[in-house]
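Below is one structure, written out as structure tokens; the observations come after it.
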Amino acid sequence: MALSFKQFTLGIEEEYMVIDPNTKELTSHDQRIVTEGQKVIRDKVKAEMHQAVVEVGTDICQNIEEAYKDISTLRKTIKTIAGELGLSVAASGTHPFSSWQMQLITDHARYSQLIDELQDAARSNLIFGLHVHVGMENRDIAMHIANSARYFLPHVYALSTNSPFWEGRRTGYKSYRTKVFDKFPRTGLPEYFENVESYDRFVNLLIKTNCIDNAKKIWWDLRVHPFFNTVEFRICDIPMTVDETIAIAALFQAICAKLYKLRSQNMNFIIYPRPLINENKWRASRYGIDGTLIDFGKEAEVNTRALIYELLDFVDDVLDPLGSRHAVGYIRRMLEQGTGADRQIAVYEASGGDLKTVTTFIEDSFLK
């Protein structure tokens, strides 16, 4: 019997940098972009903790084509509004040279509470990410898929790496964003949970003991969403371009669909321990797609690009039912042209280390 993959809807959230067009520094938009944006796209644009950040989110998209149209419209809308206000926007996991100490915090009770609790860990958390929600039939299925999908997080994360600079320094990492975020509690790769009930017990214990007041303060790289029937992928840097965002979202959707298909055939993807997957996450952060990851089945290092090609083969049979072959196919181009981090570094080297030129390049890539 043919499986239906209609349950695997998509929701995409992106965080953008607000930039002074002249100095290329991060700058406060004083919520003007949000105020003007809500007149056009309503609650699809939101404020973030730092006033130099704008967050957008799509509608629930039935397929990747809807997601592409939504993200394209959101980026164009925010870019236009920012320009009308004398500002600019761009997409990178970190700003190449602006200092977090100079940035203003949004006046909101939620952010004040975070600052009070986390202090400089929160103040310095001036980073920009991509979150992809994939719809699930129910929370039991969501937990099963989240457990298995953990293995693939470093592979997709390597593709998204787009933050090689931090406060004017070339960090040596392809993604320094996660190094900044690691200062927060309840981040990183999630543990394996036997079922959704054990996950709920874990969450309820944290709430009962005043570690958190709600499950949204669990900021793992992957989580079963506390309020929606979705698996939320949170590991990625914000990609520089629309095409990269859509390719990565489509790949996450395909991974979920493939794992669902295996389950329907009474097969499971092998569950690997968190510390092993963490080794691959570190490698992806450091080297992006230019390094090696561990193939745990072979117990050997394998070229990262080769493993990503294997992943594309793994999900190939669900792409046509999902209608995402073209979007996932763009991954091959990403492997050839390099990630956002690779392109930032290339501009940096070609310009003699001029980070303003790098920032301009990121700006100019925003609608591509």
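Since the structure is predicted, the reported quantities are computational estimates derived from the model, not experimental observations. Both backbone and side-chain heavy atoms feed into the values below; hydrogens, waters and symmetry mates do not.
Side chain of N162 to main chain of I238: a donor-acceptor pair is present (N/O by atom type, distance under 3.5 Å, no hydrogens or angles). Side-chain atoms of T35 do not come within 3.5 Å of backbone N or O of R32 as any donor-acceptor pair. Within the 3.5 Å criterion, the main-chain N or O of Y173 finds a donor-acceptor partner in the side chain of T171. At least one donor-acceptor pair under 3.5 Å links the side chain of R286 to the backbone N or O of G172. Judged purely by atom type and a 3.5 angstrom limit, R333 has no side-chain atom pairing as donor or acceptor with the backbone of Y330. T94 places no side-chain N or O within 3.5 Å of a backbone atom of R177 that could act as its donor or acceptor partner. Side-chain atoms of S324 never come within 3.5 Å of backbone atoms of A327 as a donor-acceptor pair (strictly under, hydrogens ignored). Side chain of E191 to main chain of R274: no donor-acceptor pair is present (N/O by atom type, distance under 3.5 Å, no hydrogens or angles). At distances below 3.5 Å, not a single donor-acceptor pair connects side-chain atoms of D295 with backbone N or O atoms of L307. Although no hydrogens or angles enter the test, the distance criterion places no donor-acceptor pair under 3.5 Å between the side chain of R283 and the main chain of G291.
Taking a 6.0 Å sphere around CD of Q265, one finds it holds more than 12 heavy atoms contributed by other residues, nucleotides or ligands. By the neighbour-count criterion of 12 heavy atoms within 6.0 Å, atom CG of D107 is sparsely surrounded, having that number or fewer from other residues, nucleotides or ligands. Enclosure of atom NZ in K183 by more than 12 non-hydrogen atoms of other residues, nucleotides or ligands within 6.0 angstrom is indicated. Summarising the local packing, CZ of R186 is surrounded by more than 12 heavy atoms from other residues, nucleotides or ligands at distances under 6.0 Å.
The one candidate from F252, F296, F314 that meets the ring-ring contact (aromatic ring centres under 6.0 Å, His included) condition with F152 is F314.
Between R110 atom CZ and K217 atom NZ the span is 8.0 Å, to the nearest 0.5 Å. Within the model, atoms CG of N125 and CG of L114 stand 9.0 Å from one another, a figure rounded to the nearest 0.5 Å. Distance check: S92 OG to I362 CD1 gives 4.0 Å after rounding to the nearest 0.5 Å. Between the OH atom of Y16 and the CZ atom of F366 there is a distance of 4.5 Å, given to the nearest 0.5 Å. Atoms OG1 and CE, from T230 and M136 in turn, are 7.5 Å apart once rounded to the nearest 0.5 Å. L293 contributes atom CG, which lies 13.5 Å from atom NZ of K281 (distance to the nearest 0.5 angstrom).
Of all non-hydrogen atoms in Y260 and S4, the two that sit nearest each other are CE2-O, 4.2 Å. Here the closest non-hydrogen pair linking V45 and G37 is CG1-C, 3.7 Å. Listed here is the closest heavy atom pair of A249 and L10: O-CD2, 3.9 Å. Residues L189 and D221 share a closest heavy-atom pair of N-OD2, 3.3 Å. For the residue pair C256 and F8, the shortest heavy atom distance occurs at O-CZ, 4.0 Å. Smallest separation of non-hydrogen atoms from P96 and V358: CG-CG1, 4.1 Å.
Proximity of M334 to I289: side-chain heavy atoms (C-beta onward) are nowhere separated by under 4.5 Å. Here the side chains of H50 and L26 are not in contact, with every heavy-atom distance at 4.5 Å or above. At a threshold of 4.5 Å between non-hydrogen side-chain atoms, the residues Q31 and Q51 count as touching. Annotation: side chain of I271 is in contact with side chain of R150 (closest heavy-atom distance under 4.5 Å). Considering only heavy atoms from C-beta on, V156 stays 4.5 Å or farther from I235 through its side chain. A heavy-atom distance below 4.5 Å is not found between the side chains of I78 and E14. The side-chain heavy atoms of N268 and H144, taken from C-beta on, include a pair separated by under 4.5 Å. In this structure, S160 and L130 have side chains that are not in contact, with every pair of non-hydrogen atoms separated by 4.5 Å or more.
Using a 4.0 Å cut-off between a side-chain N of Lys or Arg and a carboxylate O of Asp or Glu, E349 and R170 qualify as a salt bridge. Looking at D59 and K44, a side-chain N of the basic residue comes within less than 4.0 Å of a carboxylate O on the acidic one, giving a salt bridge. A salt bridge links D316 to R325: one of the charged nitrogens lies within less than 4.0 Å of a carboxylate oxygen.
At a threshold of 4.5 Å between side-chain heavy atoms, the hydrophobic network of Ile, Leu, Val, Met, Phe, Trp and Tyr places Y309 and V318 in one connected group. Note on V56 and L367: same hydrophobic cluster, where clusters join Ile, Leu, Val, Met, Phe, Trp and Tyr whose side-chain heavy atoms are under 4.5 Å apart, directly or indirectly. Taking hydrophobic clusters as Ile, Leu, Val, Met, Phe, Trp and Tyr residues chained together by side-chain heavy-atom distances below 4.5 Å, L335 shares a cluster with V328. Hydrophobic clustering (side-chain heavy atoms under 4.5 Å, transitive across Ile, Leu, Val, Met, Phe, Trp, Tyr) keeps L312 apart from V302. Residues I255 and L3 share a single hydrophobic cluster, defined by chaining ILVMFWY side chains whose heavy atoms lie under 4.5 Å apart.
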*Begin with the C-alpha distance, continue with both residues' side-chain angles, and end with the deciding distance and a verdict on side-chain contact (heavy atoms from CB on, under 4.5 Å) for L251 and L159.*
CA-CA 11 Å; L251 185 54; L159 284 164; 4.0 Å; yes
*Just do the side-chain contact (heavy atoms from CB on, under 4.5 Å) check on V34 and H29 with the steps written out, would you?*
CA-CA 9 Å; V34 173; H29 63 103; 3.8 Å; yes
*I would like to know whether K79 and S88 meet side-chain contact (heavy atoms from CB on, under 4.5 Å); could you show each step before the answer?*
CA-CA 7 Å; K79 183 83 168 176; S88 185; 3.7 Å; yes
_Pair K69, E66 - check salt bridge (Lys or Arg N to Asp or Glu O under 4.0 Å), show working._
CA-CA 5 Å; K69 291 175 183 176; E66 286 188 15; over 6 Å; no
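Counting side-chain heavy-atom gaps under 4.5 Å among Ile, Leu, Val, Met, Phe, Trp and Tyr, the cluster of F228 also holds F227. Through direct or relayed side-chain contacts under 4.5 Å between Ile, Leu, Val, Met, Phe, Trp and Tyr, V203 connects to M143, F193, V196, Y199, F202, L206, I207, I212, I218, W220, V224.
For residues 17-27, the set of pairs meeting the side chain to side chain donor-acceptor pair (under 3.5 Å) definition, not counting sequence neighbours, comprises K24-E363, E25-S98.
Using cut-offs of 30° and 60° for the angle between ring planes, the Y176 and W166 rings count as tilted. In this structure, Y151 and F269 have tilted ring planes: the angle between them lies in the 30° to 60° band.
For the residue pair Y157 and S175, a side-chain donor N or O sits within less than 3.5 Å of a side-chain acceptor on the partner. Of the N and O atoms on the side chains of S99 and Q101, at least one donor lies less than 3.5 Å from an acceptor on the other residue. D354 and T357 are linked by a side-chain donor-acceptor pair at a separation below 3.5 angstrom, with hydrogens and angles left out of the test.
Applying the side-chain hydrogen bond (donor to acceptor under 3.5 Å, both in side chains) rule to R123 yields the partners Q119, D120; only residues at least two apart in sequence or on another chain are considered. With sequence neighbours excluded, the residues that form a side chain to side chain contact (heavy atoms under 4.5 Å, CB included) with E48 are E15, V53, E55, Y111. Applying the side chain to side chain contact (heavy atoms under 4.5 Å, CB included) test to A341 and every residue at least two apart in sequence or in another chain returns T161, P164, K174, T339.
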